[in-house]
Amino acid sequence: MTNNEIEITHLKAENSRLRDECVKSYQEKEDCMSLNYTLSEQIKDLQEEVNALKMRRNTGFEELVKHPCTCDSCNTTITGIRYKCGHCADFDLCSLCIGTYHDYNHVFLKIRHPVHIDSRVVLLSPFRYYPGGSVHNSVYCDICGKSPICGIRYKCGNCRDFDVCGKCEVSISKLHDESHIFIKLNRPVYPDVGFENTPLLPNFIPII
């Protein structure tokens with residue numbers, strides 16, 4: 001083997017090593033981004049629950065309802081607020097477990113009052129998301145008028161076009177039809193045909 005051939009062999013080996021390191025570095029970055037997203041979602045949702053609890057305590061009334069399902073994370077009966085995955089047939093989380101790992105592209109319904117939901121049915125079609133960011137451009141809060149909505153957007157699943165920001169959603173039971181269920185959108189969604197001008201959810205039968 002000539003000196004040139006030896007040098008080429010060494011270069012190929014070095015190229016392969018650098019390529020493997022790049023792949024590993026990219027994977028570590030993806031894992032880190034996924035972890036950061038999970039932690040940020042947990043912080044947002046815990047803050048929402050704290051704000052809601054403060055408001056109920058200030059009014060001297062604390063609502064605690066029981067839902068006909070168990071949390072798929074901690075396996076306890078869900079009380080208070082139920083988070084149902086709109087893209088899974090049967091996946092629910094309680095207010096303490098929301099933010100734990102689940103499919104990044106799935107959204108949750110925030111259910112305050114017990115309703116009958118067929119656990120065999122997937123309620124929502126897949127959404128298309130804008131890459132990166134948390135600003136919902138061209139979407140304003142129908143309560144306070146904030147435009148655009150930043151952070152979590154709550155879209156009423158039973159109205160043609162009704163959205164609220166995270167701050168106003170805390171007291172939404174007093175400001176909107178309490179039988180309506182809101183869809184929790186952490187990321188901006190492409191306004192595909194039918195998304196912005198038609199109800200996305202059926203009217204569920206309440207459990208008395």
Side-chain angles (χ1 to χ4, degrees), residues 41 44-45 48-49 51-53 55-57 59-100 102-103 105-128 136 139 141-143 149 152-187 189 191-208:
E41 288 308 299
K44 289 178 184 177
D45 287 304
E48 283 186 33
E49 294 301 322
N51 291 338
L53 182 58
M55 181 166 292
R56 291 195 294 269
R57 284 178 175 173
T59 59
F61 175 72
E62 183 171 341
E63 181 181 10
L64 189 62
V65 297
K66 182 178 292 186
H67 297 271
C69 57
T70 58
C71 174
D72 284 287
S73 180
C74 65
N75 295 317
T76 59
T77 299
I78 296 178
T79 57
I81 295 177
R82 169 188 180 186
Y83 291 91
K84 175 174 177 57
C85 179
H87 295 120
C88 291
D90 186 14
F91 189 87
D92 299 272
L93 293 174
C94 66
S95 59
L96 294 178
C97 293
I98 186 67
T100 54
H102 190 59
D103 192 310
N105 291 313
H106 287 196
V107 300
F108 282 87
L109 315 181
K110 190 170 184 177
I111 305 173
R112 284 187 163 84
H113 304 285
V115 292
H116 291 283
I117 299 178
D118 191 340
S119 61
R120 300 167 298 178
V121 177
V122 175
L123 297 173
L124 298 174
S125 301
F127 293 159
R128 294 192 307 125
H136 304 267
V139 180
C141 177
D142 284 287
I143 300 296
I149 292 177
I152 298 177
R153 166 192 177 188
Y154 288 92
K155 177 176 177 59
C156 180
N158 303 110
C159 290
R160 291 171 59 86
D161 184 16
F162 189 88
D163 300 272
V164 295
C165 63
K167 182 178 179 180
C168 292
E169 195 278 334
V170 172
S171 55
I172 196 62
S173 294
K174 301 178 181 178
L175 306 171
H176 193 64
D177 190 327
E178 64 177 14
S179 68
H180 287 194
I181 292 176
F182 280 79
I183 302 168
K184 183 172 178 285
L185 300 170
N186 298 312
R187 294 182 291 156
V189 179
D192 290 331
V193 176
F195 183 83
E196 299 293 350
N197 57 11
T198 187
L200 299 180
L201 297 174
N203 292 317
F204 299 110
I205 300 174
I207 298 175
I208 306 302

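Excluded from the calculations below are hydrogen atoms, water molecules and symmetry mates; all remaining heavy atoms, backbone and side chain alike, are included. Counting begins at 1 with the first residue of the sequence. Predicted, not measured: the structure shown is a model, and the values here were computed from it.
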For this session: State, to 0.1 Å, how close Cys168 and Leu175 come at their nearest heavy-atom pair, and which atoms those are.
Result: O-CD1, 4.4 Å
Exercise. Is there a side-chain contact between His116 and Phe204, using heavy atoms and a 4.5 Å cut-off?
Worked result: no
For this session: Kindly give the heavy-atom pair with the smallest separation between Ala89 and Lys84, and that separation in Å.
Result: O-NZ, 3.2 Å
Exercise. About how many Å separate SG of Cys85 and CG of Leu93, when rounded to the nearest 0.5 Å?
Worked result: 8.5 Å
Exercise. For Val115 and Ile181, what are the C-alpha separation, side-chain angles and deciding distance, and is it a side chain to side chain contact (heavy atoms under 4.5 Å, CB included)?
Worked result: CA-CA 10 Å; Val115 292; Ile181 292 176; 4.3 Å; yes
Exercise. Can you tell if the side chain of Ser179 reaches within under 4.5 Å of the side chain of His113, non-hydrogen atoms only?
Worked result: no
Exercise. Hey, do the aromatic rings of His176 and Phe162 have their centres closer than 6.0 Å?
Worked result: yes
Exercise. Just by distance, with hydrogens left out, do Arg187 and Asn105 show a side-chain donor and acceptor under 3.5 Å apart?
Worked result: yes
Problem set entry | Side-chain heavy atoms of Tyr83 within contact of Ser95, under 4.5 Å | yes
Exercise. Can you tell if the side chain of Leu109 reaches within under 4.5 Å of the side chain of Leu124, non-hydrogen atoms only?
Worked result: yes
Exercise. What's the shortest heavy-atom distance between Arg112 and Val170, and which atoms?
Worked result: NH2-O, 3.7 Å
For this session: Apply the test side chain to side chain contact (heavy atoms under 4.5 Å, CB included) to residues Val164 and Ile172: give CA-CA distance (whole Å), side-chain angles for both, the deciding distance (0.1 Å), then the verdict.
Result: CA-CA 8 Å; Val164 295; Ile172 196 62; 3.9 Å; yes
For this session: Using the side chain to side chain contact (heavy atoms under 4.5 Å, CB included) rule, take Cys88 and His106 through it: C-alpha gap first, then chi angles, then the decisive distance, then the call.
Result: CA-CA 8 Å; Cys88 291; His106 287 196; 3.4 Å; yes
Exercise. Can you find a pair of side-chain heavy atoms, one from Ile183 and one from Leu200, that are under 4.5 Å apart?
Worked result: yes
Exercise. Can you name the closest pair of heavy atoms from Lys155 and Leu185 and give their distance?
Worked result: CB-CD1, 4.2 Å
Exercise. Checking Asp72 side chain against Asp92 main chain: does a donor-acceptor pair fall under 3.5 Å?
Worked result: yes
Problem set entry | Side chain to side chain, Asn75 and Cys71, heavy atoms closer than 4.5 Å | no
For this session: Would you name the heavy atoms of Cys141 and Cys165 that are closest together and state the gap between them?
Result: SG-N, 3.4 Å
Problem set entry | Aromatic plane relationship, His87 with Phe127 - under 30° parallel, 30 to 60° tilted, over 60° perpendicular | perpendicular
Problem set entry | Pair Glu169 + Lys184, salt bridge at N-O below 4.0 Å | no
Exercise. Does any non-hydrogen side-chain atom of Thr77 lie less than 4.5 Å from one of His67?
Worked result: no
Exercise. Under 4.5 Å between any side-chain heavy atoms of Ser73 and Cys94, yes or no?
Worked result: no
Exercise. Do Asn203 side-chain atoms and Asn158 backbone N/O form a donor-acceptor pair below 3.5 Å?
Worked result: no
For this session: Kindly determine whether Ile117 and Arg82 satisfy side chain to side chain contact (heavy atoms under 4.5 Å, CB included), including the steps that lead there.
Result: CA-CA 12 Å; Ile117 299 178; Arg82 169 188 180 186; 4.1 Å; yes
Problem set entry | Main-chain N/O of Thr198 paired with Asp161 side-chain donor or acceptor, under 3.5 Å | no
Exercise. What's the shortest heavy-atom distance between Asp163 and Arg153, and which atoms?
Worked result: OD1-NE, 2.7 Å
